[in-house]
Amino acid sequence: MSSSSSRPVPVIALHGGAGTLSRATISAEQQAAYRDALGTILRAGQAMLAEGADALDVVTEAVRQLEECPLFNAGRGAVYTAEARHELDACVMRGSDLAAGAVAGVRTLRNPVLAARALLEEGGAVMLIGEGAERFAVRQGCETVSPDWFGTPARLQQLRTMQAAQAGDTMALDHDGAAAQAAQAAPLDERAKFGTVGAVALDAQGHLAAATSTGGMTNKRPGRVGDSPLIGAGCYANDRTVAVSCTGAGEAFMRALAAHDISALMAYAGLPLEEAARRVVMDTLPPLGGRGGLIAVDAQGHVTLPFNTEGMYRGWARVGQPVRVAIYADEEGA
Ligand code: ASP
């Protein structure tokens, strides 16, 4: 997928989470909603790159748009904690100087990725959590919303379904038509899906950037933070190697330092991007319980989107070329 010209063609890649296939037959309309959302956001990123935008601006804006879309588990549409609240995490990283910003456990920031970006721009602390992160973001002009704003009936139903299943309440589960409907109204089974969103990009100046945003895992313990806002685990960018954004069982991605491991395999072992990413997703993560996937672009413009689940919402777009969107493993771009 590399460019034949001396300077790589700018490219953006997105993910909207990985998981198992839905058990129900999904209608063409339901699939189209996911594909359309990814396609629209990719086209916007492609247009920004064509106009010469920075990779950091492109990934920040793409993730902001994914946070606004209730189909994905980030921002509006985020999953619920065990206490039926939302705790959101996000991270951005710039490959040219390894600048980064991250927030975790925020509850009222409409777009956590913009708070992460503001922190990157400030250039001091790299990560803020909870109320301190919210106070900082408000001072920087980030918009706040009522915590209810993030919730959707489908996500609340997911929480209730999972809690019922954990309590062994299979009768309620089997006969709960609303739960089944909520869980199966998407191409990937919402009961077994990691819905984090992310973007990576290479810009016309040859710079890389990555961004990741999530509501975390349904029914997560209050205060739990996964890999998504952790630099080197769920998000990483370095112009010398690669930009990576991950989605999956966060604890395994943290223990494997999954995103940075790809960069390290490229820098220290000289592996090409595709082999480095394949090794981490297919060899390193599964023994740790690391179901999921990632998107990555290297400094030469190679793109890879590997996952070890049955599907991953994903897509990529090079400037001047068709936008590609895929969900299942047998589609091009796996
Ligand atoms: N990696 C995220 C987390 O563990 C979940 C996801 O990818 O959906 O918080």
Side-chain angles (χ1 to χ4, degrees), residues 13-20 34 38 63 66-67 69-82 85-92 102-107 112-113 116 127 129 150 152 154-155 158-159 162 183 186-200 210-236 244-262 280-281 284-286 288-296 305-314 327:
L14 303 180
H15 71 76
T20 57
Y34 284 81
L38 290 170
V63 168
L66 287 161
E67 288 176 341
C69 178
L71 294 175
F72 302 108
N73 168 22
R76 188 150 167 261
V79 299
Y80 285 87
T81 68
R85 302 171 75 165
H86 300 285
E87 295 179 356
L88 310 171
D89 308 327
C91 182
V92 290
V103 295
V106 296
R107 293 179 174 156
V113 72
M127 180 179 231
I129 63 166
F150 300 107
T152 64
R155 293 290 187 216
Q158 258 171 39
L159 174 69
M162 186 170 286
L188 299 183
D189 189 334
E190 292 289 337
R191 291 164 296 194
K193 197 199 87 189
F194 307 104
T196 292
V197 305
V200 294
T212 308
S213 180
T214 190
M217 310 274 282
T218 300
N219 202 28
K220 69 183 179 182
R221 183 189 298 191
R224 177 265 188 191
V225 176
D227 62 312
S228 307
L230 299 185
I231 291 144
C235 190
Y236 188 72
V244 184
S245 173
C246 303
T247 179
E251 281 67 17
F253 284 73
M254 290 157 83
R255 290 160 60 209
L257 276 175
H260 184 264
D261 206 34
I262 295 170
V280 170
V281 172
T284 306
L285 286 167
L288 301 173
R291 287 172 51 70
L294 56 85
I295 54 172
L305 306 91
F307 50 96
N308 58 33
T309 49
E310 291 171 62
M312 181 167 82
Y313 298 119
R314 63 199 188 278
I327 300 174

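First listed ligand is number 1; within each ligand, the first listed atom is number 1. Residue numbers run from 1 in the order of the sequence given. Only this structure's heavy atoms are used, side chains among them; waters, hydrogens and symmetry mates stay out. Predicted, not measured: the structure shown is a model, and the values here were computed from it.
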Enquirer: Measure across G248 and F253 and return the closest heavy-atom pair with its distance rounded to 0.1 Å.
Expert: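 Distance-wise, the nearest heavy atoms are CA-CE1, 3.7 Å.
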Enquirer: Minimum distance, heavy atoms only, to atom 9 (O) of ligand 1: which one of R224, H15, K220, E87 is it?
Expert: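 It is R224 whose heavy atom sits nearest to atom 9 (O) of ligand 1.
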Enquirer: Would you find more than 12 non-hydrogen atoms of other residues, nucleotides or ligands less than 6.0 Å from L288 atom CG?
Expert: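 Yes, CG of L288 has more than 12 neighbouring heavy atoms, counting only those of other groups under 6.0 Å.
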Enquirer: As an exercise, state the distance from OG1 of T152 to CD of Q158, rounded to the nearest 0.5 Å.
Expert: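 Output value for this atom pair is 7.5 Å.
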Enquirer: Touching ligand 1 at all, S228? Heavy atoms, strictly under 4.0 Å?
Expert: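 Yes, that is the case, since the closest heavy atom of the residue is under 4.0 Å from the ligand.
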Enquirer: What atoms in ligand 1 come closer than 4.0 Å to a heavy atom of M217?
Expert: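 Counting from 1, the qualifying ligand atoms are 4 (O), 5 (C).
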Enquirer: Heavy atom of G248 under 4.0 Å from ligand 1?
Expert: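 Yes.
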Enquirer: Would Y313 and H15 count as a ring-ring contact (aromatic ring centres under 6.0 Å, His included) here? Give the steps.
Expert: CA-CA 5 Å; Y313 298 119; H15 71 76; over 10 Å; no
Enquirer: Report the member of D227, T196, D89, T214 with the shortest heavy-atom distance to atom 1 (N) of ligand 1.
Expert: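 The nearest heavy atom belongs to D227.
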Enquirer: What atoms of ligand 1 come closer than 4.0 angstrom to any heavy atom of T247?
Expert: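 Taking each heavy atom of T247 in turn, ligand 1 has 6 (C), 7 (O), 8 (O) under 4.0 Å.
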Enquirer: Test your reading of the structure: does A249 have an N or O sitting under 3.5 Å from an N or O of ligand 1?
Expert: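 N/O-N/O distance below 3.5 Å does not exist for this pair.
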Enquirer: Consider side chain to side chain contact (heavy atoms under 4.5 Å, CB included). Of L305, T212, T247, which one does I295 pass it with?
Expert: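 Going through the options one by one, the only one that passes is L305.
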Enquirer: Show the numbers, then the answer: is there a side-chain contact (heavy atoms from CB on, under 4.5 Å) between V63 and E67?
Expert: CA-CA 6 Å; V63 168; E67 288 176 341; 4.1 Å; yes
